[in-house]
Amino acid sequence: MVMTPFPADALFDWYDRHGRTLPWRSRWPALAPAYHVWLSEIMLQQTVVATVIPYFLDFVRRWPTVCDLARADSDSVMAAWAGLGYYARARNLHRTAQIVCQDHDGHFPDTVDGLLSLPGIGPYTAGAIAAMAFGGTAVVVDGNIERVFARFYAISAPVPAEKTDIGKAYAAQHPGMRPSDFPQALMDFANAVCTPKAPACGSCPLAAGCAAAAAGTPEIWPVKALKKPKPDRQGVAFVARNDKGEAWLVKRPERGLLGGMLAFPSAGWTSADGVVDPARPLDAAPFAADWHLQPDTLTHVFTHFRLTMRVAVADMGSPDMAGLMTAEGSGSWQRVRPASLPTLMRKVWKLAEAARPPQTGSLLRFPDPEAKAGHTGN
Ligand code: SF4
């Protein structure tokens, strides 16, 4: 089948007038440093540009090169990442920096295959780095580029099966020129003109050859497969405070949800079968204290489930908790810095801070090293 040639000239003309200036971007023939492209692309997974910009600037200020990042201690990397979510990305980021620094002399591989060998780099990110940092003509298909190609060529197989067709169309229609600009121009164009819900076909420079515009219903592309509804999970978080204004925080296990992040002790939500008895949520407390369950709940949406979290608060005076071990490991009293907490735990802290102080004395039955489940509150 003969495809309509993709109008790259019209796209570049639009990009030269309307493309965004971003801190990790260079314009052809200049190429952005691979470290910047890689860092921004990992941050942009599941996260919008406006959120990523201050994180990107903070990372390159703290760690100007990939080897600076490699030498950073992991706690400071995780703290700098806090709030961006999907924390496995930060762990892979740090590991990849160490591999690039140690095994590749601080230089990222310049081929898709070489890039794919690094942790946390999949086909899209490998293609993006190869194109934007090394000027290769690798296939780069994110959700934005997918939308433009699905519409321009009316590719109707549902997502994600249509990715193969779109990848083929992208490779076949790559203009060869300005290879680092081509995917970035497509992304900006998709964001500004060929938007998901209201594509501006009337003023679109690609409209003359666009099959979706000719059909009159561009919004129906790309065709989405039916999504399964997200399952619900319930959990409970425990905020213990002392009279210095500190809270008891644990470092979560490296593997799993919010891995390696600072958090309040919590229970019941990290696996599908981790049920907390809704009638007795305080039975899951990490240690005995005068826990007060707050009347409000918070919600948080993960990629594969929706969480409803209750929050229990205990104001504990000045307890001796040295050496206390809980199911989540050791913890410590720390001044809470919300910016160092993952978003879920920031919500927990906000809800706990809004809690009225308990009305009775708070140093009830503590310490009690034998008791893991200490329901002593309401
Ligand atoms: S004509 Fe409409 S659907 Fe086609 S590329 Fe332009 S904005 Fe997108």
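Below, all heavy atoms of this structure are taken into account, side chains as well, without hydrogens, waters or symmetry copies. Keep in mind the model is a prediction, meaning the values are calculated, not measured. Ligands are counted one by one from 1 in listed order, and the atoms in each one are counted from 1 as well.
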Given F238, which of W291, F287, W248 fulfils the ring pair (Phe, Tyr, Trp, His ring centres under 6.0 Å) condition?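 Single ring pair (Phe, Tyr, Trp, His ring centres under 6.0 Å) partner of F238 among W291, F287, W248: W291.
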Decide if the gap between the ring center of [X] and the ring center of [Y] is smaller than 6.0 angstrom.
X	Y	value
F59	Y35	no
F56	H36	yes
W269	F302	yes

Set out, in order, the CA-CA distance, both residues' side-chain angles and the distance that settles salt bridge (Lys or Arg N to Asp or Glu O under 4.0 Å) for R346 and E353, then state yes or no. CA-CA 10 Å; R346 291 181 197 180; E353 284 290 87; over 6 Å; no
Test: C67-C101 SG spacing under 2.5 Å: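 Their SG atoms fall under 2.5 Å; a disulfide, then.
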Return the protein residues near ligand 1 (heavy atom under 4.0 Å from any of its atoms), ordered by chain and residue number.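 Under the 4.0 Å cut-off, ligand 1 touches R151, C194, P199, C201, C204, A207, C210, A213, P218.
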